[in-house]
Amino acid sequence: MPKPDSLQGALDLLVLKILSRRPRTHGYAIMAAIKEASEDVLRAEEGSLYPALHRMEEAGWIRAEWVMKESGRRARVYELTAAGKKQLAAEESRWQAVTAAVNRVLRTV
């Protein structure tokens, strides 16, 4: 049984949405944004997030760049591409359809 904080198919949508609002964000900040925006209900673990970021980069939805932070450490930052904006729209539409269907079942059963 999945944990209640499991993202179960929503990770791409959440990452793309965060990057649409916060371009040039690094992985840890994406994890923190998911946790904060969901009021600690959802958590993206490193073991899920970084493979997803790599897969989205390979798909052309995001691009990554190494930057030097003020602390002198390097960080990999991510931003949406034009293809990523299209994918975000498709993911949002799919999510709306799924949640509407679940709500219909909850009301009728």
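Every value quoted in this text rests on a predicted model; they were computed, and no experiment measured them.
Residues passing the side chain to side chain donor-acceptor pair (under 3.5 Å) test with Arg76 are Glu57, sequence neighbours excluded. Not counting sequence neighbours, the partners of Glu58 by the side chain to side chain donor-acceptor pair (under 3.5 Å) test are His54. Partners of Glu70 by side-chain contact (heavy atoms from CB on, under 4.5 Å), not counting sequence neighbours: none found. In this structure Ala52 satisfies the side-chain contact (heavy atoms from CB on, under 4.5 Å) test together with Leu11, Asp12, Arg55, Met56, sequence neighbours excluded. For Glu36, the salt bridge (Lys or Arg N to Asp or Glu O under 4.0 Å) test picks out no residue, with sequence neighbours left out.
Shortest non-hydrogen contact noted between Ile34 and Ala44 is CD1-CB, 3.8 Å. For Ala33 against Ile18, the heavy-atom pair with the smallest separation is CB-CD1, 3.8 Å. In plain terms, the two heavy atoms of Met68 and Gly72 that are nearest each other are SD-O, 3.0 Å. Contact between Ala83 and Gly60 at its shortest, heavy atoms only, is CB-O, 3.6 Å.
Residues Leu42 and Val102 do not share a hydrophobic cluster, clusters being chains of Ile/Leu/Val/Met/Phe/Trp/Tyr side chains in contact below 4.5 Å. Residues Trp95 and Leu106 do not share a hydrophobic cluster, clusters being chains of Ile/Leu/Val/Met/Phe/Trp/Tyr side chains in contact below 4.5 Å.
By the 4.5 Å side-chain criterion applied to Ile, Leu, Val, Met, Phe, Trp and Tyr, Val77 is assigned to a cluster that also includes Val67.
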Working for side chain to side chain contact (heavy atoms under 4.5 Å, CB included), residues Ile30 and Leu19: CA-CA 8 Å; Ile30 293 170; Leu19 291 176; 4.0 Å; yes
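Within the 4.5 Å cutoff, no side-chain heavy atoms of Glu45 are placed close to those of Tyr50. Counting heavy atoms from C-beta outward, Leu80 and Trp61 have side chains that stay 4.5 Å or more apart. In this structure, Ile62 and Leu16 have side chains that are in contact, with non-hydrogen atoms separated by less than 4.5 Å.
The side-chain hydrogen bond (donor to acceptor under 3.5 Å, both in side chains) pairs that include a residue from residues 97-109 number zero, where partners must be two or more places apart or lie in different chains. For residues 24-33, the pairs satisfying side-chain hydrogen bond (donor to acceptor under 3.5 Å, both in side chains) are Arg24-Glu65, with sequence neighbours left out. Applying the side-chain hydrogen bond (donor to acceptor under 3.5 Å, both in side chains) rule to pairs touching residues 78-92 yields Lys17-Glu92, Arg63-Glu79, Gln87-Glu91, Glu91-Arg94, sequence neighbours excluded.
Once rounded to the nearest 0.5 Å, the distance linking OG of Ser48 with CE of Met31 reads 10.5 Å.
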